[in-house]
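Worksheet for the structure shown next.
Just so it is clear: chains get the letters A, B, ... in the order the sequence lines come, proteins before strands, and each one is counted from 1.
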Amino acid sequence: MSPVRVRFAPSPTGFFHIGSARTALFNWLYARHTGGTFILRIEDTDQARNSEQFLQLIYDSMTWLGMDWDEGPNANGVGERGGFGPYRQSQRGAIYQQYKQKLLDFGRAYEKDGAVWFKMLGERYSIFDDHRKKEVEKVKIAPVVIEDQIRGKVERQEDEDFVIFRSDGNPVFHFVNVVDDIEMKITHVIRGEDHLSNTSKHVRLYEGFGVAAPMFAHIPLILKSPEMGTGKMSKRDKGALIEEYQQRHFLPEALVNYIALLGWNPGDDREKMPITDIVKLFDLPGVNQSNAKFDGKKLNHMNMVYLLEQPADRFVALAKEYFAKQPNGAAIMANEAYFREIMLLAQPKIKSVDELGAYTVYFFTDDFLIDAKVKEKVMAKGDPKARLAELIAAIPVIDFSSDATIEAGIKTLAESKALGFGDYQAVARLAATGTNAGPSITAIFRVLGKDRVLVRLGQLC
RNA sequence: GCCCCUAUCGUCUAGCGGCUAGGACAGCGGCUUCUCAAGCCGUUAACCCGGGUUCGAUUCCCGGUGGGGGCACCA
């Protein structure tokens, strides 16, 4: 069998969303699994809706997700690579003209009302279509049979001529799609199920050109989660845009892992798995046939699991990227080692990078908010003011060199008053951080240092 | 309206004629703990309905119903 050549063919007419990303991913996975070629082709024939901004977004999103393409435009938008170009349909006009002429020469196309139509072969008859409210001409012809790699055998009647060039001279999607797939020697067309009904047209076109059709594989769609409503996930839905996850500093490998699992699984209970394993195990017959609903919570969980296991350097780098985009520059201005220490305290505790700001504010400013509800709760229990006073008195003699020595110091104090560590912890935390969530109080004390701790404890008294 | 695809816990799914129907997320309960998370343990929860085929159907076939998609001089 000839080497696999697959393509992802987006239109730069809107934001890059999760459904497109998965179609791209399944193509990419199949190419990498089989050692084939992954092609990026830009279907920018709709001049009215195309934009360079959206085009760049496609490159950026694919790159961010780690889906590298072997042929297609370069990610910086300058030039392209591969021997089957150009890879933007807007630059392939001459090829479409040639193919149109072929069909004309074969007697498989004709002009009518200024448009060019593809001609079905067979006995003709007219019938009134009450959906379209008009008389249509049909052809007696056997149904198209598609051997879909995911769906199995699909039969569909395709019995009407259809437009391949509009009267404005531009070719339509079905035509350019098939021509490009022929020219680029595509072996497997992996695309969303929304194209399944179009496939019969495409098969007829291949027949018209006298070319064998490629393999087809129609993957299920991603639907809205129940809270979002019903139907296909659309660009307007929350969580639908790849850009959004990038801006929220999700780990791309977590997102890729999650979307790979929407409609595919490795055949066992594994969920979190490195991309190399997914590449190894991915195959078309393993793809599900039914649509999947998007579940942001599960994606969040996947992201957290990945975050937890990031090496310190990578996590700190991610944190730095995050803080660099925050309006308040205090964290980014902070001492490198100080910043690193705080980020590593936060790493095991947060669920996503974008929690970092709120989770660590009090390390970078003395002007942090005191959570009113937490304050009310903490101050209502026992005699927190007394505990605070005792801590302030004890701290000058406590050894702040390590968490262990701080813990020992507070415990000694607690024992001397016949109290527990917990009696000091909550109020100390409130005073030092303004909240009830965070790393261990001993680590907070150590990182903040005696002076700042004393000031903060004093302020709450 | 016509055509096509599809159907297991709320969600993602395993199952490929005989299972106590398994896992994960979410939920709930507990343990641990200096808070909050995480972690660990436990727990609630599913084969859409009706006919066949079969000794036996979640599994195969048909019909219904539900869900999704397509029926353009959009892509």
Discussion item. Looking at B:rC55, which nucleotide sits across from it as a Watson-Crick or G-U wobble partner, both distances under 3.5 angstrom, or is there none?
Written reply: B:rG18
Worksheet entry | P-based separation of B:rA21 from B:rC9 [nearest Å] | 16 Å
Discussion item. Are A:His195 and A:Phe173 packed together at the side-chain level, in the sense that at least one heavy-atom pair is separated by less than 4.5 angstrom?
Written reply: yes
Return the polar atom pairs (N/O with N/O) between nucleotides 26-30 of chain B and the protein under 3.5 Å, or none.
none

Worksheet item: Under 4.0 angstrom, heavy atoms only, what part of the nucleic acid is A:Thr433 near: base, sugar-phosphate, or nothing?
Response: nothing
Discussion item. With a 4.0 Å cut-off on N to O distance, would you call A:Lys138 and A:Asp159 a salt bridge?
Written reply: yes
Discussion item. Taking any heavy-atom pair under 4.0 Å as a contact, classify A:Ser167: base, sugar-phosphate, or nothing.
Written reply: base
Discussion item. Is it the case that the ring center of A:Trp28 lies less than 6.0 angstrom away from the ring center of A:Phe8?
Written reply: no
Worksheet item: Charged N to carboxylate O under 4.0 angstrom, A:Glu43 versus A:Arg191?
Response: no
Worksheet entry | Residue mapping more 5' on RNA chain B - nearest nucleotide basis, A:Val172 or A:Tyr258 | A:Tyr258
Worksheet item: Just to confirm, is there a sub-4.0 Å distance from OP1 or OP2 of B:rU6 to any side-chain nitrogen or oxygen of A:Gln289?
Response: yes
Worksheet item: Taking 4.0 angstrom as the limit, do A:Arg41 and A:Glu183 come out as a salt bridge?
Response: no
Fill in: Phosphate OP1/OP2 of B:rC74: any A:Ser11 side-chain N/O under 4.0 Å
no
Worksheet item: Of all the choices, B:rG39, B:rU35, B:rC5, which nucleotide is nearest to the side chain of A:Val154 once you look at every atom?
Response: B:rC5
Practice prompt. Remember a base hit wins even if backbone is also touched, and classify A:Lys349 as base, sugar-phosphate or nothing at under 4.0 Å, heavy atoms.
Written response: base
Practice prompt. Looking at every strand, decide which applies to A:Pro439 at a 4.0 Å heavy-atom threshold: base, sugar-phosphate, or nothing.
Written response: base
Worksheet entry | C1' spacing across the pair B:rG18 / B:rG27, given as an integer number of angstrom | 34 Å
Worksheet item: So which nucleotide does B:rC25 pair with, by the Watson-Crick or G-U wobble rule with both distances under 3.5 Å?
Response: B:rG10
Practice prompt. May I ask you to say what A:Thr442 touches in the nucleic acid, namely base, sugar-phosphate or nothing, with a heavy-atom cut-off under 4.0 Å?
Written response: base
Worksheet item: Contact class for A:Phe165 (heavy atom, under 4.0 Å): base, sugar-phosphate, or nothing?
Response: nothing
Worksheet item: Atom CD of A:Gln310 and atom C1' of B:rA38: how far apart are they, to the nearest Å?
Response: 16 Å
Practice prompt. Without swapping roles, check the side chain of A:Tyr245 against the backbone of A:Gly239 for a donor-acceptor pair under 3.5 Å.
Written response: yes
Worksheet entry | Watson-Crick or G-U counterpart of B:rU35, or none if no pair lies under 3.5 Å | none
Response to the item:
When rounded to whole Å, the CD1 to C1' distance for the pair A:Ile222 and B:rU13 reads 15 Å
Response to the item:
The residue among A:Lys112, A:Arg204, A:Arg124 that forms side-chain hydrogen bond (donor to acceptor under 3.5 Å, both in side chains) with A:Asp161 is A:Arg124
Item to complete: Take atom CD of A:Glu158 and atom P of B:rC4, then tell me their distance rounded to the nearest Å.
Response: 12 Å
Discussion item. Among A:Arg92, A:Arg88, A:Arg49, exactly one meets salt bridge (Lys or Arg N to Asp or Glu O under 4.0 Å) together with A:Asp44. Which residue is that?
Written reply: A:Arg88
Worksheet item: Taking the six-membered ring for Trp, are A:Phe26 and A:His188 ring centroids under 6.0 Å apart?
Response: no
Worksheet item: Is A:Phe445 close to A:Glu407 at the side-chain level, that is, under 4.5 Å between some pair of heavy atoms?
Response: no
Discussion item. Using whole Å, what does the distance between atom P of nucleotide B:rC25 and atom CG of A:Asn303 come to?
Written reply: 15 Å
Practice prompt. Spell out yes or no: do the side chain of A:Lys377 and the base of B:rU35 have one donor N/O and one acceptor N/O closer than 3.5 Å?
Written response: no
Worksheet entry | Pairwise C1' distance for B:rA7 and B:rC49, with rounding to whole Å | 12 Å
Worksheet item: Checking all strands, does A:Arg151 fall into the base, sugar-phosphate, or nothing category for heavy-atom contacts under 4.0 angstrom?
Response: sugar-phosphate
Worksheet item: In whole angstroms, how far is the C1' atom of B:rU11 from the CE atom of A:Met228?
Response: 11 Å
Fill in: Spacing between A:Asn288 atom CG and B:rG68 atom C1', to the nearest angstrom
15 Å
Worksheet item: What integer number of Å spans the P atoms of B:rC48 and B:rU11?
Response: 12 Å
Item to complete: Answer with base, sugar-phosphate or nothing: what part of the nucleic acid does A:Glu155 contact at a heavy-atom distance below 4.0 Å?
Response: sugar-phosphate
Worksheet item: Whole-Å distance between B:rC34 P and A:Leu345 CG?
Response: 17 Å
Fill in: Side chain of A:Arg49 (C-beta onward), nearest among B:rA7, B:rC34, B:rC74
B:rC74
Worksheet item: When you measure from the centre of the six-membered ring of A:Tyr359, is the NZ or CZ of A:Lys349 under 6.0 Å away and within 45° of the axis?
Response: no
Item to complete: Provide the distance between the two P atoms, one in B:rU8 and one in B:rC47, to the nearest whole Å.
Response: 11 Å
Worksheet item: When rounded to the nearest Å, what value does the distance between P atoms of B:rU53 and B:rG1 take?
Response: 33 Å
Worksheet item: What integer distance in Å separates A:Leu419:CG from B:rC34:C1'?
Response: 14 Å
Discussion item. Looking at A:Arg108 and A:Glu207, is any side-chain nitrogen of the basic one under 4.0 Å from a carboxylate oxygen of the acidic one?
Written reply: no
Worksheet entry | Side-chain heavy atoms of A:Pro220 within contact of A:Arg151, under 4.5 Å | yes
Worksheet item: Which whole number of Å gives the distance between the C1' atom of B:rC2 and that of B:rA57?
Response: 34 Å
Discussion item. Would you measure the distance from the C1' atom in B:rU13 across to the matching atom in B:rU59 and give it in whole Å?
Written reply: 16 Å
Worksheet item: Looking at A:Arg7 and A:Asp180, does any basic side-chain N land under 4.0 Å from a carboxylate oxygen?
Response: no
Worksheet, complete the sentence: Within residues 259-271 of chain A, those residues having any heavy atom closer than 4.0 Å to RNA chain B are A:Leu261, A:Leu262, A:Gly263, A:Asn265, A:Asp269, A:Glu271
Discussion item. At 4.0 Å (heavy atoms only), tell me whether A:Ala115 reaches a base, stays on the sugar-phosphate, or touches nothing.
Written reply: base
Practice prompt. If B:rC2 has a Watson-Crick or G-U wobble mate with both distances under 3.5 Å, name it; if not, just say none.
Written response: B:rG70
Item to complete: Tell me, yes or no, whether the heavy-atom count around A:Glu376 atom CD, taken from other residues, nucleotides or ligands under 6.0 Å, exceeds 12.
Response: no
Quick one: which protein N/O atoms are closer than 3.5 Å to N/O atoms of nucleotides 69-72 of chain B? Pair and distance per line, please.
unit_1	atom_1	unit_2	atom_2	d
B:rG69	OP1	A:Lys232	N	3.4
B:rG69	N2	A:Ser197	OG	3.3

